[in-house]
Amino acid sequence: MTDAIHNLIEQYGLIAVFLGCVAEGESAALLGGFFAHQHVFVLWQAFLAAAIGAFAGDSCFFILGRSFADHPFVVKLKRRPGFSHAYRLVSTHPDIFVLTNRFIYGLRLVGGIAAGLSGIAVTRFVILNAISSMVWAGLFTTIGYVFGLGAERIVGQALVRHERLLIALAIGLAAAILALFIAHTIAKKERSKET
């Protein structure tokens, strides 16, 4: 069973990192770095999958806002907590907003829609989004890689495959719980500001 899971991760792991980073993917980028440390992936491949996924996700949300402003999905997102704040920020500080939006958990999706609805030029958004995505991917894959080094030192050099998988799943679970907590806190603050 463990060998089957390991083979699946080797074959499809980079695709999973890419897809995970299309949306709110800190945990996917962290796992990509962790598996790079465990020699399941090469680090630059994990970085590239995370960066391209992050860029693609933010670009899709930008295109949704720019081209489909009246679509029910976009209208629904415009009512989400944080949208008015994101739109205000992108309108007043577009460069800083695009560069930092990917780092603000919970605002990423509405932030991409807000950027698309704003007056920021497409070329400008693409360049800033590419820079932001590369920095973000570098940061989180490196954290995953360094955590892999720390885990290996704590557990010892004799990590077997199933232990690596359990550690990776624990990292993913911890990152997801932390992300949900942060998103809940931000949403709660936004709701209290809007009322």
Side-chain angles (χ1 to χ4, degrees), residues 12-32 45-141 172 175-195:
Y12 302 108
L14 289 173
I15 295 169
V17 170
F18 167 80
L19 292 174
C21 291
V22 165
E24 310 267 349
E26 284 87 358
S27 56
L30 287 167
L31 286 173
Q45 292 172 333
F47 162 77
L48 197 59
I52 293 171
F55 179 81
D58 289 348
S59 296
C60 285
F61 295 125
F62 178 82
I63 290 167
L64 277 173
R66 180 64 49 106
S67 302
F68 301 99
D70 296 327
H71 189 276
F73 178 72
V74 175
V75 171
K76 181 181 174 185
L77 288 175
K78 286 166 48 176
R79 288 191 289 249
R80 283 184 71 177
F83 177 82
S84 59
H85 181 65
Y87 189 76
R88 232 180 0 263
L89 287 173
V90 74
S91 297
T92 56
H93 307 288
D95 295 344
I96 293 170
F97 180 81
V98 174
L99 287 171
T100 59
N101 182 54
R102 178 145 273 280
F103 294 89
I104 305 169
Y105 191 86
L107 281 184
R108 188 173 312 144
L109 188 123
V110 294
I113 299 289
L117 292 170
S118 75
I120 190 169
V122 173
T123 306
R124 187 175 175 188
F125 175 82
V126 167
I127 292 168
L128 294 171
N129 185 32
I131 292 167
S132 175
S133 297
M134 287 187 288
V135 171
W136 179 86
L139 175 68
F140 283 98
T141 55
I177 290 170
L178 179 63
L180 285 171
F181 175 74
I182 291 170
H184 178 70
T185 303
I186 290 171
K188 191 174 179 181
K189 286 181 183 178
E190 286 299 319
R191 279 193 295 268
S192 67
K193 285 181 186 177
E194 292 174 2
T195 56

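Computed from a predicted structure; not experimentally measured.
- Between L31 and V17 there is no side-chain heavy-atom pair separated by less than 4.5 Å.
- Between L48 atom CG and T141 atom OG1 the span is 10.5 Å, to the nearest 0.5 Å.
- The side-chain contact (heavy atoms from CB on, under 4.5 Å) check on H93 picks up I96, with sequence neighbours excluded.
- For the salt bridge (charged side-chain N to carboxylate O under 4.0 Å, His left out) condition, no pair includes a residue of residues 45-55, sequence neighbours left out.
- The heavy-atom pair separating A86 from F97 by the smallest distance is O-CE1, 3.8 Å.
- With rounding to the nearest 0.5 Å, the separation of CG in L128 from OG1 in T100 is 10.5 Å.
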Donor-acceptor list for residues 49-62 side chains, cut-off 3.5 Å, not counting sequence neighbours:
residue, atom, partner, partner atom, Å
D58, OD1, R102, NH2, 3.3
D58, OD2, R102, NE, 3.0
S59, OG, F55, O, 2.8
S59, OG, N129, ND2, 3.2

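- To the nearest 0.5 angstrom, K76 atom NZ is 15.0 Å from F83 atom CZ.
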Show me the donor-acceptor pairs, under 3.5 Å and distance only, between side chains in residues 120-127 and residues at least two apart or in other chains.
residue, atom, partner, partner atom, Å
R124, NE, D95, OD1, 2.7
R124, NH2, D95, OD1, 2.7
R124, NH2, D95, OD2, 3.2

Worked check of side chain to side chain contact (heavy atoms under 4.5 Å, CB included) between F140 and S27: CA-CA 8 Å; F140 283 98; S27 56; over 6 Å; no

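- Interatomic distance, Y87 OH to K78 NZ, rounded to the nearest 0.5 Å: 8.5 Å.
- For the pair C21 and A29, the tightest heavy-atom approach, listed with the atom from each and the gap, is SG-N, 3.8 Å.
- Each side chain to side chain donor-acceptor pair (under 3.5 Å) pair with one or both residues in residues 111-120, not counting sequence neighbours, would appear here, but there are none.
- Within the structure, salt bridge (charged side-chain N to carboxylate O under 4.0 Å, His left out) contacts touching residues 63-73 (residues at least two apart or in different chains) do not occur.
- For F68, the CZ atom sits in a loose shell: 12 or fewer heavy atoms of surrounding residues, nucleotides or ligands are nearer than 6.0 Å.
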